[in-house]
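The block underneath contains the structure these notes are about, expressed in C-alpha cells.
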Amino acid sequence: MKKTILSAKGLCKSFVHNGEQVHILTGMDVDIYEGDFTVIMGASGSGKSTTLYALSGMDRATAGSVMYNGSDIAKLSEKKLSALRHGDFGFIFQQMHLVSNLSLFENIAVPGYLSKNRSAADTDKKAEELLEKMGISHIKTHLPSQCSGGEQQRCAIARAIINEPALLFADEPTGALNRKNTTEVLDLLTELNKGGQSILMVTHDMRAACRASRILYIEDGKIIGDLELEKYDPAREKSRETQVGAWLSSMEW
Amino acid sequence: MKSIIRLTLANIKRGKGAFSGIILLMALITFTFSGTVSNDDQLRSALSSSLDEADVGELTVFIYDDLLTEDMLDSIGKNRKVKSFTQKSSMIVNQKPVVGGKEQDIAIQLKGFYDGIKVFNSDFDSFTADTDLESGGIYLPYKLEAMEEMKKGAEISFTTSSGSEETFIVRGFYEDPVHGATTIADNQCIISAEDFERLCSHELDHLDSDVKRLILQDELYIHGEEGVSAAELKRSLINKNGIINSSNWAVSRQHIMDLFEMYSNTGTRGMAAFTIMLLLVILITMHNSISASIEMDSTDLGILRSQGFTVGRIRLVYVFQYTIALIIGSILGILISIPACRILIRMWMRVTGILTGNGVSFGKCIIMCLAIILICLGFIVTATRKVGRISPVSAISGGRTEVHFDSRLNTKIRQKPLSLSLALRQLNSRRRSYIGTFLIVVLLVFFLVSIMLLVENLDPDKLFGTSKGQVQLISTGAFTMESSDEIEAAARETDPKAELYTMSYHRMVIDGEFTPVHSFRRTEDYYDIMEGRAPKYDNEIIITKGVSEDTGKKTGDAVTVSYQDRSEEFVVTGYFQSVYDFGLVTMMTEEGMQKMGYNDIQEAQISLSDDSKLDDMINMLNDRFGDSLSASEYVENNSLSTYRTIVSVLMNSVTYAMYAVITIFAAVVVVMVSRRAFIKERTDIGIFKAMGFTASSLRRQFAMRFAAVALAGTVVGEIFSALWARKMISFMMKIVGLTDFKACLTPAVLLMPAAVICLSFFVVAYLASGKIKRIEVRELITE
C-alpha cells in the first residue's frame, strides 16, 4: 500500500484574460505517492504546469484543496508556505531560474541557509557535496551566465534538494536542454528517485516520461489517464518506450 | 508615422507610471519657475509704473529744509546732466508717535495729500476711487497695517515743537512706492494738504525752540538727461554744492526698486538654483527610466528591428513618449501656477506694500518650458543610443543582458545576516542602475542641508545689529553722544556692571560714494566681523565687502569721509557683514561720528547685570536726566518685530514650500526608480520566494538596497554640503548683503535630511514592492 504524500481534491484554477474567465483546472482530484517518480503529461494548454504550480504552492488554486501533512496548503499563511517551500518542497524550473548574481555554490547554499536546523558550515559542506554529485564543483564560483544550460540545470537540481525535500517538483526540467544535457539531467533525477526521493515532474518529452513510475495524463484541466509503471531500468528502455508510446497514443497525445 | 504613433501610445499605456511621473516632475518645475518669475514680473512692472506716477526720477534726495539753499537748487537746475527736477515737502516726526495710548517705536514722516495717491480698499485687493482726505485724517503706508494697533479708525498722536498735541484718525492705507517696503524703516504718512500747511507754518514759527519735534524736509526728484545714470548724477552733485553731502538720503530709482525687490530677488536666485536642481533630477530620472525601459523591452525592440524598424524610428518613439509627458507636465504646471500665483503674490505684498497684478508670465514660462524640453530632448536622444546595440538576435535569445560585476567588490553571502548580505550583493551587481538614484539623493540632500543651514543660522541680531539692553533710552531733546559717558557713569552707580549701548545712523560720502554709516558705542558687539577687527579709535572705519567693491578699498587703506562741510581720513580696519542697505554700509565708533560733527543718537539701551535693578535704574535715569531723555523698560521695536515677523513668515513659507516640493519630488522619483527596479528584479525576487524566503523578508531586502543607496548618497551629499552649501547660500544672499554666510553643520542639520531621505527611500521602496506579497511565485517568475 503506497503512502499518499500530497492529495488534491476539486482543484480549480481560472484566469481572467481580456475580461473573460478562462478555466484551466476544472475540479481535479489527484493523489501523489511517496517514493514515486510521477510525471504529468498532456497537450499544450491542458493545464500541466498550472497543476504543478498549484500542487507545489507556487500558485494559489481558485478552489479546491491541496492536502500535505494534514494541512491544506492553499490555506497556509505566507510564513508557513515559505517554510514549506524551503523545507518540504523543492522546485526545478524549465528556465532554471538561477539567481543571476550569485555563483553556482551560492545559488545552492542560499536556500540551505534558510534552514534553522543546520549551521552555515553544514550547509556549505552539503552544497559542496551536491556540487560534486552534480559534477559541477569545478565551476562552483562561476555565475550562471558563465555556465551551459545543462550545468545550470544541474545546479538548479542541487538547489532544489539541498534541504532534502519530501517532494521534488520539476517543470519541464529538460525543456531548454539539448539531448546530451537532457539525458544527464534525467539520469540525475532517476538516481535521486532510486534513493527514495519523491518526484512530480511535468514534461512533454516521451523520453523523460519513460523515467517515471507513474504517468498522469491531463486534458481540459482534468486527469483522464493514470499509468503505473515498473521502476525505470535502462536495460529495458526500448520496451518501456513502446509501452508508454502506446498508452499515450490511446490518450490521443 | 502611423506606426510610430501607435507604438508611442502603446508605450505610454504600458509605462503609465513613468509617464505620469515625468508629467508630475515637469509640472513641479514649471510651477516653481512660473510662480517665481510671475511674481518678479508683476512686482517690477507695478513698482515701475507707481514710481513713474510718483514722478520718481533717476535720483531722489531727501534733505532737511534748513540745509537746502537756493544755491543748491540753482546748481541742480544748471547741472548739464540734470534734465528736470521737482521739489516736494515732507516732515519728519522726530519722536515716537502714540497710537491707542501707547508709544509706538516707529519712524514716521508726514506729507500733504496730493493727486494720484493710491488708497487701498478695505480688502486691499484694489484701490478706492474715493481718496479725499478731510482735515484730521491720515493715510498710512500699507506696511503699517501689519501692526496690531494700526487699524482704520485708530488715533495717531504726536506733539509739535511748541508742545501742542496733534491727533489724526487713520482713514486708510495707501501704496507708497518710495518708502513703502518693509525693508525701509521710514513710514511716510499722508495728511490733508491744509493740515500739512498748518503744521509747516507752525514749525516755521517755532524754529528757535530747543527741541525740534517736527523737522521740515525737502524731497527732490531729479530726472537725468537721456543716457545719464543715477551714479553719474550723484557723482556730479557730490561735493559740488554740498546737496548730497548734506542730505539724509540720496537714493537712485534702481536702489529704491532693489529695496522693494530684495526678498523676491533673493527668492528668485534660490528658486533658480532649485529649478536647476529639479531639472538635473528630471534628467537623471529620465535616463534611469529610459535605460530600464530599453533593457526590459530589449526583446520587443529586437523583434521590431527584425521586422524592419530602424534604430532611428525606435528612438523617435521614446522621444515622442517623453516629449508628450514633458508638454503635458508644462501645461499642468502653468495651470496650477495660475491660482498659486494669486496666493504667492498676495504674500509678497506684505513685504513690498505694492499692489501688483496676479497673472502668470505666460511668455517667459513657455520659453522656459521649451528650453527645458529642448534640453530633455537632447538628453533623450543621447540616452536612447543603446537601442542601436540591440540586435534581432538578442530578441530570439531572450533579450536579457548578462550579469557581470566586479568580483573584487563582492560581498560574501552569509547565513547571518542572510537578507542583508543578499541585499548588498544585489546592490553591488546592479550598481549601475542605482547610480541615478544615488545622484538624485546627493542633490536632494545638498538642497535640504542648504535650506536647513539657512533657516537655522540666520541670526537677526547679527544681521540687523539689534538692541542689547533691558533699559531703553529715548531722547527728549538734548541726549547726544556728548552725554553718553556721563550717563554710563551714572548707571554704574546703580549697577557697577551696567553698560550703555548707543546706535547712530547717517549717510555720509565715503570716497565719493554716498554710503550709510553706523556708529556704536561698542562696535565689537554688533555685526559679524569677517576680517580684521571692529573700529576702536576715532579715525577707524570698518566696511562691508560690497562697499569694498564699490570704493576699491581694502583693510589698511585710508578713505575720505565727508559730511556736510567736514572731510576726514579714516583707516579701514576690516570687513563686516550686515543686511542693511543690501550690505552697502560702514561702521565707525561713536568718537569717529562725533569727529564728523554728528552727535545724535538714534537708539540707546543700558544692559544690566542684575534684572532686579531695572526699576531703580529707570527711576534714577529719569530723575537725573529727565530733561534730555526718557528711560523705560526695553520692549522690542514694534516695526522691527513686525518686520522680523513678516520676513520670518515669508522665509518659513519659502522653506516649507521648498520642503514640500522636495518631498513630492523625492516621493515621485523614489516611486519611479523603485518600481522600475522591482520590474527588473521581479524574476529574481520570484526565485527567492520559491526558495522559501518570506515576502516580508524580500520586501525588506528590496527596501534595504534603496536605503543603502540613499545612505551613500546622503554621505556624499553632506560632504558636498559641507564644502559648498555655505558658498551657494552666500551667492544667493549676496543680494541682501550677506557675503560670507557663517553656519556650522550641527548634528540636527546633518542628521535630519539624512534620516528623512533614507527613511523615505526605505518606506517608498518597501511600499513599491508590495507586489511581492500580493503576487504568487509563478506570476513573479513567468511574467
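Chain identifiers are assigned alphabetically (A, B, ...) following the order of the sequence lines, protein sequences preceding nucleic acid strands; residue numbering begins at 1 within each chain.
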Locate the shortest heavy-atom distance separating A:Ser82 from B:Phe693; write the atom from each residue and the value.
OG-O, 3.5 Å

What do you reckon, is CD of A:Glu132 surrounded by more than 12 foreign heavy atoms closer than 6.0 Å?
no

Rounded distance (nearest 0.5 Å) linking atom OG1 of B:Thr694 with atom CG of A:Leu114
8.5 Å

In terms of heavy-atom contacts, does NZ of A:Lys75 have more than 12 from other residues, nucleotides or ligands at under 6.0 Å?
no

Please rank A:Gln95, A:His86, A:Arg85 by heavy-atom pairs under 4.5 Å with chain B and give me the top one.
A:Arg85

Answer yes or no: are there more than 12 heavy-atom neighbours, outside A:Asp220 itself, under 6.0 Å from its atom CG?
no

Roughly how far apart are B:Lys689 NZ and A:Met58 CE, rounded to 0.5 Å?
10.0 Å

Please classify the contact of A:Ser119 with chain B as side chain, backbone, both or neither, using a heavy-atom distance under 4.5 Å.
backbone

Show, in sequence, the C-alpha distance, side-chain angles and deciding distance for B:Arg425 and A:Val99, and conclude whether the side chain to side chain contact (heavy atoms under 4.5 Å, CB included) test is met.
CA-CA 11 Å; B:Arg425 173 63 65 84; A:Val99 180; over 6 Å; no

Less than 4.5 Å to any heavy atom of chain A: does that hold for the side chain of B:Ile413, its backbone, both, or neither?
both

Does any heavy atom of chain B fall under 4.5 Å from the side chain of A:Phe89, the backbone, both, or neither of them?
neither

Heavy-atom distance under 4.5 Å to chain B: side chain of A:Ser115, backbone, both or neither?
backbone

Search all heavy atoms of B:Gln415 against all heavy atoms of A:Tyr113 and return the closest pair with its distance.
NE2-O, 2.9 Å

Value for NZ (A:Lys79) from OG (B:Ser696), rounded to nearest 0.5 Å, stands at 8.0 Å

Report the distance from atom CG of A:Leu98 to atom CG of B:Asp684, rounding to the nearest 0.5 Å.
10.0 Å

For A:Phe169, is it the side chain, the backbone, both, or neither that has a heavy atom closer than 4.5 Å to a heavy atom of chain B?
neither

Report the distance from atom CE of B:Met691 to atom CZ of A:Arg159, rounding to the nearest 0.5 Å.
4.5 Å

4.5 Å side-chain heavy-atom contact, B:Leu422 and A:Leu102
yes

